[in-house]
**Student:** 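Here it is, the structure, as structure tokens.
Quick note: residue numbers are just sequence positions, from 1.
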Amino acid sequence: MLAEQVKVYRDALKNVNPVGAFATEFWGNNVHAYCGTDNDEARELAALSMKTFFGPDKPYIAGRIGAYEELLEAWGGVPDHLQADFGRWLRQSDEAHRAQAEESGISLDAGPGAARAAIAQLDANTLADRGVIIAGDPDSCATAVQMYEDIGVDQVMMIMQTETIPHEKVMSSIELFGKEVIPRFRNGNGGNGK
């Protein structure tokens with residue numbers, strides 16, 4: 001979905017009448033990120049960070065009708081391995097299953113509740129593989145940054161300093177990005193060149 005948005009933006013710029021001195025093709029993207037030495041742990045930290053950031057109690061989500069549906073669509077929809085559960089949540093009428101689902105914090109309502117439940121169930125590897133988060137060990141992070149570069153994103157602004165990632169881990173992540181990931185992109189070689 002992001003690739004299409006970048007293309008639409010750049011195509012629209014061909015016929016733009018700038019309100020200032022010039023129009024820019026620059027595209028920047030915010031993304032939750034965390035680089036660590038343990039690929040799975042790093043992905044889990046970034047996934048928790050992102051899910052907490054978009055939690056229902058946050059002021060930038062509260063009151064936004066359709067926010068979770070939009071996020072789910074932007075993040076590639078419900079993955080195949082969750083399709084059966086997601087469909088079950090939407091169709092559930094058995095009172096015992098409803099009570100069990102609600103006890104687990106899963107809303108069975110169609111719409112925002114179901115989309116929020118699906119987002120809560122998205123695993124860290126799916127989020128990382130889709131580029132929703134840039135996370136993992138340095139090789140995984142470089143692969144994700146390369147994905148953004150291939151789409152046409154000029155800059156990724158990495159969100160690491162969230163309420164779920166302790167300061168010392170943020171500092172360690174910044175150091176790993178600086179030493180192990182960024183140098184792969186400095187000479188325009190993409191994630192393949194060191």
Side-chain angles (χ1 to χ4, degrees), residues 1-2 29-62 67-89 100-107 112-151 153 155-185 191:
M1 186 173 190
L2 180 59
N29 243 76
N30 290 317
V31 62
H32 285 259
Y34 182 80
C35 191
T37 55
D38 181 310
N39 194 58
D40 292 333
E41 178 187 25
R43 285 179 169 201
E44 291 294 335
L45 278 169
L48 176 62
S49 171
M50 187 271 309
K51 289 177 183 182
T52 303
F53 185 86
F54 288 109
D57 59 335
K58 302 301 181 195
Y60 37 82
I61 288 291
Y68 289 109
E69 291 91 334
E70 291 168 12
L71 288 172
L72 191 57
E73 180 183 346
W75 298 341
V78 178
D80 291 342
H81 69 280
L82 289 178
Q83 283 289 344
D85 281 345
F86 189 70
R88 179 177 51 83
W89 296 336
Q100 180 183 17
E102 288 168 5
E103 203 172 281
S104 301
I106 298 170
S107 170
R116 188 173 72 223
I119 287 171
Q121 296 301 313
L122 288 173
D123 60 280
N125 287 329
T126 297
L127 292 168
D129 293 345
R130 290 180 172 186
V132 176
I133 57 176
I134 296 176
D137 60 24
D139 289 335
S140 289
C141 290
T143 297
V145 171
Q146 184 65 54
M147 190 182 337
Y148 276 87
E149 186 174 89
D150 292 345
I151 287 171
V153 172
Q155 180 181 33
V156 286
M157 295 159 279
M158 299 180 193
I159 302 168
M160 287 183 254
Q161 69 288 3
T162 65
E163 64 190 279
T164 61
I165 300 180
H167 178 73
E168 62 277 359
K169 287 192 178 279
V170 171
M171 297 306 291
S172 173
S173 176
I174 291 170
E175 184 175 0
L176 275 175
F177 269 111
K179 289 181 176 178
E180 302 285 332
V181 180
I182 293 172
R184 301 181 195 196
F185 296 88

**Student:** Are Ile134 and Val156 close enough, and set up right, to give a side chain to side chain contact (heavy atoms under 4.5 Å, CB included), and what steps lead you there?
**Tutor:** CA-CA 9 Å; Ile134 296 176; Val156 286; 4.2 Å; yes
**Student:** State, with a plain yes or no, whether a side-chain heavy atom of Asn125 is found less than 4.5 Å away from one of Arg43.
**Tutor:**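 Result yes, sub-4.5 Å side-chain heavy-atom pair found.
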**Student:** Can you give me the closest heavy-atom contact between Ala33 and Ala46, atom names plus distance?
**Tutor:**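 Minimum heavy-atom separation between Ala33 and Ala46: C-CB, 4.4 Å.
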**Student:** Distance only, no hydrogens: is a donor on one side chain within 3.5 Å (strictly under) of an acceptor on the other, for Ser140 and Asp137?
**Tutor:**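 Their side chains do contain a donor-acceptor pair, which is all the 3.5 Å distance test asks for.
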**Student:** For side chain to side chain contact (heavy atoms under 4.5 Å, CB included), just list the numbers for Ile159 and Met157, CA-CA rounded to whole Å, side-chain angles, deciding distance to a tenth of an Å, and then say yes or no.
**Tutor:** CA-CA 7 Å; Ile159 302 168; Met157 295 159 279; over 6 Å; no
**Student:** Salt bridge check: are Glu149 and Arg184 linked by an N-O gap of less than 4.0 Å?
**Tutor:**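 No, this pair does not count.
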**Student:** So how far is it from His32 NE2 to Leu45 CG, rounded to the nearest 0.5 Å?
**Tutor:**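 The distance works out to 13.0 Å.
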**Student:** By side-chain hydrogen bond (donor to acceptor under 3.5 Å, both in side chains), which residues pair with Gln161, not counting sequence neighbours?
**Tutor:**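 Residues passing side-chain hydrogen bond (donor to acceptor under 3.5 Å, both in side chains) with Gln161: none at all.
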**Student:** Is there a donor-acceptor pair closer than 3.5 Å between any side-chain N or O of Lys51 and the backbone N or O of Leu122?
**Tutor:**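 Such a contact is found between Lys51 side chain and Leu122 backbone.
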**Student:** Kindly determine whether Leu2 and Met147 satisfy side chain to side chain contact (heavy atoms under 4.5 Å, CB included), including the steps that lead there.
**Tutor:** CA-CA 11 Å; Leu2 180 59; Met147 190 182 337; over 6 Å; no
**Student:** Holding to side-chain hydrogen bond (donor to acceptor under 3.5 Å, both in side chains), I want the full list of residues that pass it with Glu163, two or more places apart in sequence or in another chain.
**Tutor:**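 With sequence neighbours excluded, Glu163 shows a side-chain hydrogen bond (donor to acceptor under 3.5 Å, both in side chains) to Lys58, given in chain and number order.
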**Student:** Is there a donor-acceptor contact under 3.5 Å from the side chain of Ser172 to the main chain of Glu168?
**Tutor:**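 The answer is no, because no donor-acceptor pair under 3.5 Å joins these two groups.
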**Student:** Would you name the heavy atoms of Leu176 and Thr37 that are closest together and state the gap between them?
**Tutor:**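 Heavy-atom minimum between the residues: CD1-N, 3.9 Å.
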